[in-house]
*Asks:* 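Submitted below is the structure of interest, expressed as structure tokens.
As the structure lists them, so they are numbered: ligands from 1, and atoms in each ligand from 1. All figures in this text were calculated on a predicted structure; none of them were measured in a lab. Because only heavy atoms are used, hydrogens play no part in the values below, and waters and symmetry mates are left out as well, while side chains stay in.
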Amino acid sequence: MSELKAALDQIVAEMANAPERGEVASYIPELGKVDPAKFGIAVIMNDGGVATAGDADEPFSIQSISKVFTLALALGRVGDTLWKRVGREPSGTPFNSIVQLEREEGIPRNPFINAGAIVVSDVLLAGHQPREAIGEILSFVRSVADDETIVIDRDVASSERATGYRNFALANYLKGFGNLNHAPELTLGVYFHHCAIAMSCKQLANAGRFLANSGRIPSLNHTVISGERARRINALMLTCGHYDGSGEFAFRVGIPGKSGVGGGILAIVPGVASIAVWSPGLNDRGNSMLGSIALEQLAKRMNWSIFSS
Ligand code: GLN
């Protein structure tokens, strides 16, 4: 553990002096207000060990990282029939791209690009009012993080709704192809709110524990999903979790990861640890610039690639 803590402290010190930090997302105006100098990292080991450094206790907008949790919930709800409505291939396109959706007749490439996550929200809305579906997602996140204090930042949700033209376009397109069962504004209400969940690195790393441990939270003796499902979600995180930057992330870091435009990344070392990092500045693919570099350094130092023997 002391080696891990030393690694995190060194990363935080290096990142404080980084010459470039990327650009904070401003297409959601509320996110543009975040201080680009923030940097936090938290690691929860499967054996219960915890190491954190920097701004690891400060909540940030998890944005697309929430898609990991909605996917787990939707698979629990409808099982493998989900894959009739969403694919499992990397898109090679930006997270908010619409071009493939026409060519592929309204079936999004994967559940982590916006179009795919909107379909997942639509699945979770079935039989519910949007408010209830949002409540269920929040309860799930609180339960896997074992933390009832986690909340949705309503200002971020309404800021995104006010400027969410591309997501409205995607949802309308999905509806036009018959792959949305509810009115676009209702499904998007669910989507915008789960993207606006605010969590600290520590809370997020806690929430990822079940993915690092075959679907079970070791310390709570709680089975969240089956081992097979956890393995598959990890596979999708590796291949699709960073959009058109997924290949680069796998090449450099070598573990499953899911990014969000709030600058967070949840990364999983299967069988070993759950990691969350946060640095608000993004690279040109919309993934945290320093967060990716930090994970590359940490994985190298701890020899955590899933590809190493
Ligand atoms: N809520 C964001 C959006 O739809 C999520 C995108 C992301 O985090 N990459 O644009």
*Asks:* Should the pair R85-D122 be classified as a salt bridge under the 4.0 Å nitrogen-to-oxygen rule?
*Replies:* yes

*Asks:* Just heavy atoms, cut-off under 4.0 Å: does N167 contact ligand 1 by side chain, backbone, both, or neither?
*Replies:* side chain

*Asks:* Considering only the protein, which heavy-atom contact is closest to atom 10 (O) of ligand 1, and what is its distance?
*Replies:* Y27 OH, 2.4 Å

*Asks:* Tell me whether the rings of W278 and F60 are parallel (<30°), tilted (30 to 60°) or perpendicular (>60°).
*Replies:* parallel

*Asks:* Aromatic rings Y173 and F177: how do their planes relate, parallel, tilted or perpendicular, breaks at 30° and 60°?
*Replies:* tilted

*Asks:* What do we get for E160 next to ligand 1 when only non-hydrogen atoms under 4.0 Å count, side chain, backbone, both or neither?
*Replies:* side chain

*Asks:* State the atoms of ligand 1, each with its element, that fall below the 4.0 Å cut-off from a heavy-atom position in G260.
*Replies:*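 This gives 8 (O) as the contact atoms.
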
*Asks:* Should you measure from each heavy atom of N114, which atoms of ligand 1 turn up under 4.0 Å away?
*Replies:*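 Every atom of ligand 1 under 4.0 Å from some heavy atom of N114: 3 (C), 4 (O), 6 (C), 10 (O).
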
*Asks:* Distance-only, no hydrogens or angles: does the S259 side chain make a donor-acceptor pair with backbone N or O of N287 under 3.5 Å?
*Replies:* no

*Asks:* Between C195 and ligand 1, find which residue part has any heavy-atom pair under 4.0 Å and reply side chain, backbone, both or neither.
*Replies:*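 Contact part for C195 vs ligand 1: side chain (C-beta onward).
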
*Asks:* Return the residue, atom name and 0.1 Å-rounded distance of the protein heavy atom closest to atom 4 (O) of ligand 1.
*Replies:*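 Heavy-atom neighbour on the protein nearest atom 4 (O) of ligand 1: Y191 OH, 2.6 Å.
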
*Asks:* Tell me which protein heavy atom sits closest to atom 2 (C) of ligand 1, plus the residue, atom name and distance to 0.1 Å.
*Replies:*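 Protein heavy atom with the smallest distance to atom 2 (C) of ligand 1: Q63 OE1, 3.0 Å.
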
*Asks:* Where the side chain of D55 meets the backbone of E58, is there a donor-acceptor pair that is under 3.5 Å apart?
*Replies:*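 No.
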
*Asks:* Looking only at side-chain N and O atoms, does S61 offer a donor or acceptor that is under 3.5 Å from a partner on Q63?
*Replies:*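 Yes, because at least one side-chain N or O of Q63 sits under 3.5 Å from a partner of the opposite role on S61.
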
*Asks:* Does a side chain donor of either K84 or T81 reach within less than 3.5 Å of an acceptor in the other side chain?
*Replies:* no

*Asks:* What protein heavy atom is closest to atom 5 (C) of ligand 1, reported as residue, atom name and distance in Å?
*Replies:* S64 OG, 3.2 Å

*Asks:* Go through ligand 1 atom by atom and flag the ones less than 4.0 Å from a non-hydrogen atom of Y243.
*Replies:* 7 (C), 9 (N)

